[in-house]
Amino acid sequence: QVHLAESGGGSVQAGGSLRLSCEASGFTASGYCMGWLRQVPGKEREGVASLDSDGSTNYAYNVKDRFIVSRDNAKNTLYLQMNSLKPEDTAMYYCAIVLVPDAKYCRGGTRPEYTYWGQGTQVTVSS
């Protein structure tokens, strides 16, 4: 059973930084699409960044120059470095993953929906 566990959330002032971690376990598949998403109560969940098994990354337009997604394969951990945080970044942040035969299935219109989710970690940015 795939298990994802996020950590690293907290409260920070605008302009500050946080690093989120997502430790993954329970799978040996080499192909996957993996990412960070966030949600504010009453709003739709939005994708923030992704890092697939072939190293391809994508960012939402509103975080592209401030957030960096990375991973440590030895620790089976995905990270999200968040810099220059803004109050509008306040949300519950989730990591998620879907296992695929090959990372090419993560591209564009063929990217499948995530099937495994962590419990989330809250990020609050005050002005």
Side-chain angles (χ1 to χ4, degrees):
Q1 179 74 7
V2 177
H3 182 66
L4 302 175
E6 302 100 332
S7 61
S11 296
V12 65
Q13 289 194 323
S17 298
L18 284 173
R19 188 176 80 156
L20 306 183
S21 300
C22 173
E23 184 173 355
S25 61
F27 69 98
T28 57
S30 59
Y32 57 83
C33 317
M34 193 169 186
W36 289 96
L37 303 94
R38 65 188 182 187
Q39 188 167 26
V40 176
K43 293 189 177 181
E44 288 193 5
R45 188 164 50 205
E46 65 170 344
V48 176
S50 64
L51 173 53
D52 302 326
S53 53
D54 63 352
S56 297
T57 59
N58 264 297
Y59 295 90
Y61 74 95
N62 52 356
V63 306
K64 191 167 188 175
D65 297 324
R66 299 183 295 121
F67 291 8
I68 302 171
V69 63
S70 63
R71 68 174 173 231
D72 184 331
N73 290 327
K75 296 181 178 180
N76 293 326
T77 300
L78 183 74
Y79 300 101
L80 184 67
Q81 178 67 43
M82 305 187 295
N83 302 318
S84 302
L85 283 161
K86 304 176 181 180
E88 50 264 43
D89 294 318
T90 295
M92 183 71 79
Y93 284 71
Y94 299 90
C95 69
I97 191 170
V98 55
L99 305 182
V100 294
D102 189 284
K104 68 181 181 182
Y105 295 102
C106 304
R107 301 292 170 266
T110 65
R111 189 177 184 90
E113 292 193 7
Y114 294 119
T115 52
Y116 299 99
W117 295 78
Q119 81 286 353
T121 186
Q122 177 68 37
V123 171
T124 303
V125 185
S126 57
S127 57

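It should be emphasised that the depicted structure is a prediction, and the values quoted were computed from it without experimental measurement. Computed from heavy atoms alone, side chains included, the values below leave out hydrogens, waters and symmetry copies. Along the sequence shown, residues are numbered consecutively beginning with 1.
R45 forms a cation-pi arrangement with W117, by the criterion of a distance under 6.0 Å to the ring centre and an angle within 45° of the ring axis. Both tests do not hold together for R71 against Y79: distance to the six-membered ring centre under 6.0 Å, angle to the ring axis within 45°.
The OG atom of S56 sits 8.5 Å away from atom CG of L51, with the distance rounded to the nearest 0.5 Å. Here Y32 contributes atom OH and D102 contributes atom CG; the two are 13.0 Å apart, rounded to the nearest 0.5 Å. For the atom pair SG of C106 and CG of N58, the computed distance is 10.5 Å after rounding to the nearest 0.5 Å. The distance from the CG atom of L80 to the SG atom of C22 is 10.5 Å, given to the nearest 0.5 Å. Within the model, atoms OG of S127 and NZ of K86 stand 13.5 Å from one another, a figure rounded to the nearest 0.5 Å.
Across all their heavy atoms, V98 and P112 have their closest contact at CG1-CG, 3.7 Å. The heavy-atom pair separating G47 from A60 by the smallest distance is O-CB, 3.4 Å. Across all non-hydrogen atoms, the minimal contact from P87 to A14 is CD-CB, 4.1 Å.
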Does R107 form a side-chain contact (heavy atoms from CB on, under 4.5 Å) with D52? I'd like the steps, not just the answer. CA-CA 10 Å; R107 301 292 170 266; D52 302 326; 3.7 Å; yes

Report the C-alpha separation of T121 and Y94 in whole Å, then their side-chain angles, then the decisive distance to 0.1 Å, and conclude whether the side-chain contact (heavy atoms from CB on, under 4.5 Å) test is met. CA-CA 7 Å; T121 186; Y94 299 90; over 6 Å; no

Could you walk me through whether Q122 and Y93 pass the side-chain contact (heavy atoms from CB on, under 4.5 Å) test, one step at a time? CA-CA 6 Å; Q122 177 68 37; Y93 284 71; over 6 Å; no

Report the C-alpha distance between T90 and R38 in whole Å, list the side-chain angles of each, state the deciding distance to 0.1 Å, and finish with yes or no for side-chain hydrogen bond (donor to acceptor under 3.5 Å, both in side chains). CA-CA 9 Å; T90 295; R38 65 188 182 187; over 6 Å; no

Test side-chain contact (heavy atoms from CB on, under 4.5 Å) applied to E6 and Q119, step by step: CA-CA 7 Å; E6 302 100 332; Q119 81 286 353; 2.9 Å; yes

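The shortest distance between side-chain heavy atoms of I97 and T115 does not fall below 4.5 Å. The closest side-chain heavy-atom distance from Q81 to S17 is below 4.5 Å. Counting heavy atoms from C-beta outward, L78 and W36 have side chains that approach closer than 4.5 Å. At least one side-chain heavy atom of L4 sits less than 4.5 Å from a side-chain heavy atom of M34. Taking 4.5 Å as the limit, every side-chain heavy atom of S50 sits out of range of all side-chain heavy atoms of V69. Within the 4.5 Å cutoff, no side-chain heavy atoms of V125 are placed close to those of Q13.
Note on V123: it clusters hydrophobically with I68, by side-chain heavy-atom contacts below 4.5 Å among ILVMFWY residues. Y114 and Y59 end up in different hydrophobic clusters when Ile, Leu, Val, Met, Phe, Trp and Tyr side chains are linked at under 4.5 Å. Hydrophobic clustering keeps M82 apart from L37 (ILVMFWY residues linked when any side-chain heavy atoms are closer than 4.5 Å, directly or through intermediates).
Each of N83, D89, N62, L20 was checked for a side chain to side chain contact (heavy atoms under 4.5 Å, CB included) with F67, and the lone residue meeting it is D89.
Comment: K104 does not engage D54 in a salt bridge, judged by the lack of any side-chain N to carboxylate O separation of less than 4.0 angstrom.
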